[in-house]
Structure formats: C-alpha cells, structure tokens
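Just so it is clear, the values below take in all heavy atoms, side chains as well, and ignore hydrogens, waters and symmetry mates. Note that the coordinates shown come from a computational prediction; the quantities given were computed from them, not determined experimentally. Below, chain A is the first sequence line, B the second, and so on; all start at residue 1.
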Amino acid sequence: MSLAQPTRVRFAPSPTGYLHVGSARTALFNWLYARSVGGTMVLRIEDTDESRNRPELTQAIFEYLEWLGIHYDEGPYYQSERRDRHRDAVQRLLDDGRAYLCDADDNELAGTEMADGRAVRFRTPEGTTVIDDVVRREVAVDHAQLGDFVIWRSDGSPTFVLANAVDDADMAITHAIRGEDLLSSTPRAVLVAEALGATPPIYAHLPLLVNEQRKKLSKRRDDVSLESYRRRGFLASAMANYLALLGWGPRDGVEIRPMAEIIGQFRLEDVNRAPAFFDIAKLEHFNGVYIRELDTEQLLVAIEPHLTGNEVPWPPERYRPDVVAAVVPLVQEKLRTLDGIVPQVDWLLCPEVPMDESSWDKAVVRGKASVEILDGTIAALVDCPWDPETVKDAVFAVGEAHGVNRSKSQAPVRVAVTGRSVGPPLFEPMVHHLTREEVLRRLRNARSRL
RNA sequence: GCCCCGUUCGUCUAGAGGCCUAGGACGCCAGAUUCUCAAUCUGGUAACACGGGUUCGAAUCCCGUACGGGGUGCCA
C-alpha cells in the first residue's frame, strides 16, 4: 500500500427500514477504525435493488447512527444514483472481453451491446484469488467455485458485487470492514475490481452476531432492530459501549469506558474470528451502570418518553412529572432499563392499585400476621401525624407487637398500597404523594380481601 | 453435497512459545448491608473441543478429527 494513501472506510447498509444491531456493530467498528487512524468514514446506501429504493427505508439508518453517536464524514451516497457509473463499468468489461451477454436461460450471446432482457456475466478466469483479510489472514478461493457470475441484471440494474466493487474504487475506499457473511462474495468483488484496473480495498471480515442457538441474528426470531432496544429503555451510550465489545476486547480488560478511550485502544487486527453471542443480560448490566452515571436531570429527560407513551398503565391525564421527579432519585441506582421506572411509579399514578397476584399471595396471604398488621396499621394511620417517619414507626410498632421484624412488617402494607412486593422505599413517596384517605382505602380493600 | 471460516469459564473476552497453578467482565452461588427488590462491598464457582506432531518448553506453531457457523440467486 502506498504511504500517502489516506484511510477511507465505508459503512454500506441496504435500506431495510430499521438499523440491525449487527449492522450497527459493523458501522461502529468502521467508525472506531477510522477514528483510531485518523481516516474518513463514508456512508453509502446500497439501494440497487429497486424495492429498497425508498426514502422512508433509509431514515432509520440515519436516525440510529446518530443515536449511537456514529458520525460519518462523507455521504450519504446512494448507489441507485450511480447507475451510469455501474453501466459504464459493465460496458468496459464487455468491450474488453472480460464479461459476456446472456439470455434468460443463461446462454451466452454474441456481441457487446447491453440491452433490456440481457444479463451480463463476468467471465471468471481460471486460477485462485487470495484475500489478505485483516481479521482472518489469508483466505484462498479457487475460481472454479465462483463460476461466471451475473454482474448486470436483465432488468438493467447492477448486482451487489459489481456496484460494490465499482463504488469502492470510485470512492477510493482503502478498507472494507463488514460482516463475515460477505466473505464468500469477496473474491468476486476482487476479480471485478482488478478486471476494471482498480486496486481492491483491504478487507476485514467481522465475526457475526449470533443468538442463543448460535445462529446469525435474524429479523424473524430475534430482537434485532436498534429501535426496539431504545424503546425498551437502553441508553445509546451503553449500547455503543457493549457493541464495541462483541468480537473485540481491550487489552487492559477495562470494559466500561468512554468511547474516546475505546478509540484509543481499538486495533482492527485484534478483532476475533469466532461468532459472538449478543448477551442482553450483560447489556442490561452496562445500561444500569450508565443510568447510575446520569444526574437526576438527565435521567428525567431520558425517562420521559417511557412515561408518556401509550403503553403506560395509567390514564395520561393522571401523569404527574413532579411525583416522578420525587421518586426517581430513590430508584435510580437500581434501574437497569429506562422503562423499569414504570412499575416504580405506577402505583402513585393509577387510580387503582395495580395488584400483582403473586406478590399478594406471597406477602399477604402467606405472610406472617398479615391480618393483624393490616388492622393495626389502619388503626394507627387513622389519626397519626401524616409524615414518613411517624407512619414508618407506626407500621414497625404494629409488627413488633406481633413478633414480626421490620422487613416482614412492611410487606403486607407495601403490597396493599403499591400492588407489589418490590418497589421504591415505601414510606416517603406513600405519605408525600398519596393522601391519608387513599392509603387507608387501599389498606381496607386489602384487609377485606382476606 | 460443495466451498469458506471458526473453536479459551454458561456468555463476552485477555492471552501473539516460557510472565498461565490461564486474567477480567456478565451470569450464577454465598456473606455483609437493608423497610422490599435492587444497587454496593466481600468471597466463591467455572474454560484452553479432541488426537497427533514440532519444540528443552504450546492455550499460543503444524496436521487430522469432532462440533459449530457462513456461503452456495439475474438478494444485499
């Protein structure tokens, strides 16, 4: 490779209407590599397939690259707008005898004139192509395996391999970093580039992301769209950090760290070759760490969409930002996803207790002295001062009178008032955001169910 | 079927011939803490797929086997 050649990488997604986590990982690695060597990242939309050539299908790609903080330097270029370049390249190959026309039955046709109804096949020479892949080292493929492949369709459109090779050459791409599923088509791209007199890029094939069955993540079976992760309450920072660790790891072992540091540590040649399982449990851990690092203001902003969407269990008019703001500091440290806030505050916003039956059964039905605790608590709360400390002491005192410790004493009260055996610290929000009457009503309702 | 690629704890990884009685992280288990659940802290569990070489010495190099994955379209 010549010394002065500036590094140029490209992320070349096909518009599908969403950004796939695997694609996002590919984009991220391209970006990390470009940033780590001071190169340029190009975005190229591969929409040669007519059905994909629709603006709305590319929107999600822009939106989620932005969300992840992957800022490309050049583009977007649209492959569909480069049809003439592709046609010229094919014509040249035809003229040079490196390709030939064929009919619908794959019979070779004489002549070199491209026309509707005629496809063009690349005349694959005998020999072997050796790819010097940054990740996989040398990969040799015998041309006999390739056959004479189509580079121009009879409907007048270029195929993926042709468009890819031409565009990479035109855009002076030096490194093609992409998924391993494209490894087997690489010799074809190299052959086309060379036949066109271009130097193919250096390839780096990344290991695929797989599900628990060790299969390539698929749209059908798996949650693959970044949008769904965002909707489930994952932070972009956590997602990007986690994605960087799939197929690669920093030598110093520090996993959770700012992207700037990851850029500093990243080495393309250190990328692994084995497929990586996309582990949501680990992603959730990362997400929890990043959530804890936010200040309250930032967290409130991040959480807002999850409280105002239409999947929320309370009537929209009952949403109370002030109540949420008061509870958030109490629960921030245990949130693992942003939407985890909902079950922490729903009992303060819903008109009726969102009762979880298994909590009811565990803490109330099978709880120690539940009847006595509920009765005693009701009696105590009727006219005691309405502040958290007093109420808390009252509940514990009732429990103690029946030989029940604090943990077990608060359980039936918690379930009666919140509907769950788990939740935020109970007394402060309960006293501040529910009225005495409402709390008593809930306690009496619970008591009457027993 | 054929071609290509891969194989370190359950999972993600560190490891580029001696620093490895294989390190970290998630998970899991236990303890501490606690009004619940978490979070946090402490401790623990757990891996070089197998078989041959090469070498004084191999997780690291070579070969084979097994298993897994990807590809095999006028999809990308």
Under 3.5 Å, N/O pairs linking protein and nucleotides 72-74 of chain B:
| from | atom 1 | to | atom 2 | distance (Å) |
| --- | --- | --- | --- | --- |
| C74(B) | OP2 | R121(A) | NH2 | 3.3 |
| C74(B) | O2 | S154(A) | N | 2.8 |
| C74(B) | O2 | S154(A) | OG | 2.9 |
| C74(B) | N3 | S154(A) | OG | 3.1 |
| C74(B) | N4 | D103(A) | O | 3.0 |

Could you pull out the protein-nucleic contacts involving nucleotides 17-24 of chain B (nitrogen or oxygen on both sides, under 3.5 Å)?
| from | atom 1 | to | atom 2 | distance (Å) |
| --- | --- | --- | --- | --- |
| G24(B) | N2 | E255(A) | OE2 | 2.7 |

Every protein N/O lying under 3.5 Å from an N/O of nucleotides 61-67 of chain B:
none

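For K408(A) and C35(B), the shortest distance from a side-chain N or O to OP1 or OP2 is not below 4.0 Å. Checking the phosphate oxygens (OP1, OP2) of C12(B), a side-chain nitrogen or oxygen of R214(A) falls inside 4.0 Å. Not one side-chain nitrogen or oxygen of R406(A) sits closer than 4.0 Å to the OP1 or OP2 atom of U36(B).
Remark: the N405(A) side chain and the S407(A) side chain contain no N/O donor-acceptor pair separated by less than 3.5 Å.
Because its NZ or CZ atom is both nearer than 6.0 Å to the ring centre of F29(A) and within 45° of the ring axis, R25(A) counts as a cation-pi partner of that residue.
Sorted by first and then second residue, the pairs that involve residues 256-280 of chain A and meet salt bridge (Lys or Arg N to Asp or Glu O under 4.0 Å), not counting sequence neighbours, are R251(A)-D270(A), D252(A)-R257(A), R257(A)-E261(A). For residues 99-118 of chain A, no pair satisfies ring pair (Phe, Tyr, Trp, His ring centres under 6.0 Å), with sequence neighbours left out. The stretch residues 409-432 of chain A participates, sequence neighbours left out, in these salt bridge (Lys or Arg N to Asp or Glu O under 4.0 Å) pairs: D346(A)-R420(A). Among residue pairs with one or both ends in residues 118-127 of chain A, those qualifying as salt bridge (Lys or Arg N to Asp or Glu O under 4.0 Å) are D106(A)-R121(A), E108(A)-R123(A); sequence neighbours excluded. Residues in residues 129-142 of chain A take part in these salt bridge (Lys or Arg N to Asp or Glu O under 4.0 Å) pairs, two or more places apart or across chains: R136(A)-E180(A).
With sequence neighbours excluded, the residues satisfying side-chain contact (heavy atoms from CB on, under 4.5 Å) with R447(A) are V371(A), L374(A), D375(A), I378(A), L450(A). Residues forming a side-chain contact (heavy atoms from CB on, under 4.5 Å) with D116(A) (at least two apart in sequence, or on another chain): none.
For RNA chain B, the residues of residues 329-345 of chain A within the heavy-atom distance limit of 4.0 Å (strictly under) are E333(A), K334(A), R336(A), sorted by number. Proximity of residues 387-405 of chain A to RNA chain B (heavy atom under 4.0 angstrom from any strand atom) is restricted to F396(A).
Within the nucleic acid shown, S407(A) comes within 4.0 Å of sugar-phosphate atoms alone, with no base atom in reach, counting heavy atoms only. Residue P275(A) is in sugar-phosphate contact alone, with no base atom involved, counting any heavy-atom pair closer than 4.0 Å across all strands shown.
A donor-acceptor pair is defined here as one N or O able to donate and one able to accept, closer than 3.5 Å; such a pair exists between the side chain of D148(A) and the backbone of T124(A).
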